[in-house]
2 protein chains.
Amino acid sequence: MDVDLDETDIEILKRLEKSDDKNLEELSDELGLSKSAIHYRVTNLKQSDVITTISADVDPHALDLSMLLFTEVTVSHESGYAEDVGELLTEIDGVNHVYYMMGDVDFIVISRVQNHDQMHVLIDDIVEIDGVNETSSRFVIQELETGGQLIDNMSEEMVDQVVE
Amino acid sequence: MDVDLDETDIEILKRLEKSDDKNLEELSDELGLSKSAIHYRVTNLKQSDVITTISADVDPHALDLSMLLFTEVTVSHESGYAEDVGELLTEIDGVNHVYYMMGDVDFIVISRVQNHDQMHVLIDDIVEIDGVNETSSRFVIQELETGGQLIDNMSEEMVDQVVE
DNA sequence: AATGAAATCGACCAGCA
DNA sequence: TGCTGGTCGATTTCATT
C-alpha cells in the first residue's frame, strides 16, 4: 500500500500540484528524462493513489460564492451520534469540508454561500440536525495564498522523511 | 470580468471538478455536443478564469502528512500589523491555508505535518512572528468527504442564481 | 524502470448557422 | 457568438531492453 517515492517523483508531484496544463515536454526537459519515462511515473503515481485525481479548480467568485464560513459544531451526546451528525453535515447545501476534531468542539464545517439568506438557511440546516447542541460561525474576510499545494509548503526535512 | 455561465457550462464544470481524466468524448456523449464544442467551452472557461487551474490532487498520507492542524492566531495590534502577519504565516513550512477572519480571532491557519516534533516547530514559528499575541491549536481526527467540489455541494437555487 | 514506434486522443483552424 | 468537421500535433499505449 505504501509507495516509496524518490526525488524525481517529488519533483513531478510538485509540478503537477501546481498545474497539469504544462506538457510532458517541459517536465522531461526539466527533469532530464524521456517523455515516456515521465508518463510511466505519472501513471504509477495515479495507480498507487498518490495522485488521487486530476481535477479543475473553479473560482468560487465565478459561481457567486462570495461568503466563506467557518462553523464550529458541538454535539450533545458525543458517544453515539457523532458519526451520524458528521455524515449529515456533509450533505448540507453549501458545505464543502467537514472535519471531526479533537477537543471541546466536535466538528469544524467550512462552507461557501452566495448571500445572507443562504447563510441563514445553512446554519438552520446545521442546527436542525438531531444531536447538534451548539454552533458558532465566523466569516472569512480574505483568503491568503500560500503559493503551491502540499509539497510546495513542505520543508526540506519533511520531504527527506518521505524520500528516505 | 464577470462571465455568464449557462447550464451546459455548469454541467461541464461539475464533471471537470470531479475529474479531468475523463475524455472529451465522454463529455460530448453525456451532454449531446460535439467534441469541438466541449473543447471550445472549456477553453473559454479557462481563459475567463472560471477554471483557474487543472491540477493533481495528492494524497497527504502518501507524503506522511498524517497530522492536520487548525490554529487560531490573534495579533496584538490589529491595526497595522495584520497584513504583514498574514503574509508571514503563509510562508511557514507546513502551512497550507491562511484565512483572515472577522471577529475576535484574526487568522485561522490550516497546516499539515508529519509528526509531533514538526508540530512544535510549526507552532513556534507562528508564535515567533512579530505581532502575534495568542495562538490556539486543534487537531483533526478525521476528514469527512462531501462528495464533489464546489458545484456538487450547491443547491438548485444556488446554481440558478449563477445561471440566471 | 525506461525506451522508441505505433495507435489514439485532444488542440486548432476555416467555415457555417 | 457558438458550433461543426477535419487535420495536425501531442499523448497514451505497447513491445522490447
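This structure is a prediction, so every number in the text was calculated from the model and none was measured. The figures here come from the full heavy-atom set of this structure, side chains too, leaving out hydrogens, waters and symmetry mates. Chain A is the first sequence line, chain B the second, and so forth, proteins listed ahead of strands; every chain is numbered from 1.
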Fill in: CA sep, side-chain torsions, deciding dist, call: B:K18, B:E26, salt bridge (Lys or Arg N to Asp or Glu O under 4.0 Å)
CA-CA 14 Å; B:K18 271 232 169 67; B:E26 266 186 70; over 6 Å; no
Worksheet item: Of B:I108, B:I110, B:V109, which is the lone residue that meets side-chain contact (heavy atoms from CB on, under 4.5 Å) with B:T71?
Response: B:V109
Worksheet item: Side-chain contact, heavy-atom cut-off 4.5 Å: B:M158 with A:L65?
Response: yes
Worksheet item: Is it true that B:E143 and B:R112 have a side-chain N and a carboxylate O under 4.0 angstrom from each other?
Response: yes
Response to the item:
With a 4.0 Å cut-off (strictly under) to non-hydrogen atoms of chain B, the first and last hit nts on DNA chain D, 5' to 3', are D:dT1 to D:dG6
Discussion item. For A:D57 and B:T53, which I'm curious about, is there any donor-acceptor pair between the side chains at under 3.5 Å?
Written reply: yes
Contact list (N/O, under 3.5 angstrom) for nucleotides 6-14 of chain C vs protein:
| unit_1 | atom_1 | unit_2 | atom_2 | d |
| --- | --- | --- | --- | --- |
| C:dG10 | OP1 | B:L24 | N | 3.2 |
| C:dA11 | OP2 | B:H39 | NE2 | 3.1 |
| C:dA11 | O5' | B:H39 | NE2 | 3.3 |

Worksheet entry | A:D9 vs A:D6 side-chain heavy atoms within contact, under 4.5 Å | yes
Worksheet item: Can you hop from A:V98 to A:M119 via hydrophobic side chains spaced under 4.5 Å?
Response: yes
Worksheet item: Regarding B:T74 and B:N133, is there a side-chain donor-to-acceptor distance under 3.5 Å anywhere?
Response: no
Discussion item. Does C:dA2 have OP1 or OP2 under 4.0 Å away from a side-chain N or O of A:Y40?
Written reply: no
Worksheet item: C:dA2 phosphate, OP1 or OP2: any side-chain N/O from A:R41 under 4.0 angstrom?
Response: yes
